[in-house]
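For reference, the structure discussed in these notes is given below.
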Amino acid sequence: MRVMVVLVAAGAMLGGCIPQVAAPDRPARPVPAPPSRPALPPVASGTSAGPAAPIVRGEMLRYTTSPCFGACPVYTVTVRPDGTGTFEGQRFTAVTGARDFRVTPAQYDAFLTRLAPYRPRSGTVRVAPGTPACGQHATDMPSVEVQWDGKAGHRAFSYYFGCDRARSPGVADALGSAPDLLPIAALIGARP
């Protein structure tokens, strides 16, 4: 019970939102280096998800955030290998609705590389309350789902930010900071 209270209090202090971009009037926060080969937490079956699939150039990536108990930005970002992107703001974002943007090859590669360690070899991996990979968890936190689509098929990784971070160190920071690599800070806007 004490662990749950501490997790809920920590979530409240963090504002319950995904750590993505700095407010426009503040410098961007440092971006953590991506782990080379993180050990993914156990999946629902209790077995390890195994090492992440290698980087596959030419995939379309879709990054979707979920609501929380608060003013967390809710949006979907789609980035394509041809340098086009679409931001779809839903709630608590500076822009609501769809906006197209461009990414450089370096921005696309950085985004792809940051998320690659979490790309399952096949199917979908889910770290959420009720799965062994989550363990103790805080309530009312947001989650993120990353989808990869391309010649290798469809892959997805879903992560709930209230899960016990000791079970998967670095995952929350890497996933939460991935949008910092894209030119969408003005579309997301200020966060609590």
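When a residue number appears, it is its place in the shown sequence, counting from 1.
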What are the two closest heavy atoms between Y63 and A178, and how far apart are they?
CE1-CB, 4.3 Å

Considering only heavy atoms from C-beta outward, does the side chain of L61 approach that of F111 to under 4.5 Å?
yes

List the residues meeting side-chain hydrogen bond (donor to acceptor under 3.5 Å, both in side chains) with S158, not counting sequence neighbours, and say none if there are none.
none

Contacts of type side-chain hydrogen bond (donor to acceptor under 3.5 Å, both in side chains), residue Q147, not counting sequence neighbours:
E145

Donor-acceptor pair, side chain of T76 and main chain of E88, under 3.5 angstrom
no

Compare every heavy atom of A156 with every heavy atom of P120, then report the nearest pair and how far apart it is.
CG-O, 3.2 Å

Below 3.5 Å, can you tabulate the donor-acceptor pairs from side chains in residues 89-97 to any protein atom, sequence neighbours excluded?
| unit_1 | atom_1 | unit_2 | atom_2 | d |
| --- | --- | --- | --- | --- |
| T93 | OG1 | V95 | O | 2.7 |

So, T131 side chain and V127 main chain: donor-acceptor pair closer than 3.5 Å or not?
no

Take E59 and R155 through the test salt bridge (Lys or Arg N to Asp or Glu O under 4.0 Å) and record every step on the way to the result.
CA-CA 10 Å; E59 287 188 310; R155 311 284 190 278; over 6 Å; no

After noting the C-alpha distance and the side-chain angles of V144 and Y118, does the key distance pass the side-chain contact (heavy atoms from CB on, under 4.5 Å) rule?
CA-CA 12 Å; V144 66; Y118 310 102; over 6 Å; no

At their closest point, which heavy atom of P183 faces which heavy atom of V103, and how far apart are they?
CD-CG1, 3.8 Å

Check W148 against L115 and note the closest heavy-atom contact, atom names and distance.
CZ2-O, 3.3 Å

Rounding to 0.5 Å, atoms CD (Q107) and CG (L182) come to a distance of 7.0 Å

Looking only at heavy atoms, the pair that brings F101 and F87 closest together is CE2-N, 3.7 Å

Point-to-point distance, once rounded to the nearest 0.5 Å, from CG of D149 to CE of M60
4.5 Å

Side chains of C68 and F161, heavy atoms from C-beta outward: is any pair under 4.5 Å?
no

Interatomic distance, D173 atom CG to R165 atom CZ [nearest 0.5 angstrom]
6.5 Å

Please name the pair of heavy atoms, one in A128 and one in C134, separated by the smallest distance, quoted to 0.1 Å.
O-CB, 3.1 Å

Just jot down the salt bridge (charged side-chain N to carboxylate O under 4.0 Å, His left out) partners of D109, sequence neighbours excluded, or say none.
R57

Residues in side-chain hydrogen bond (donor to acceptor under 3.5 Å, both in side chains) contact with R80, at least two apart in sequence or another chain
T84, T86

Tell me if a side-chain donor or acceptor on Y159 pairs with a main-chain N or O of V125 at a distance below 3.5 Å.
no

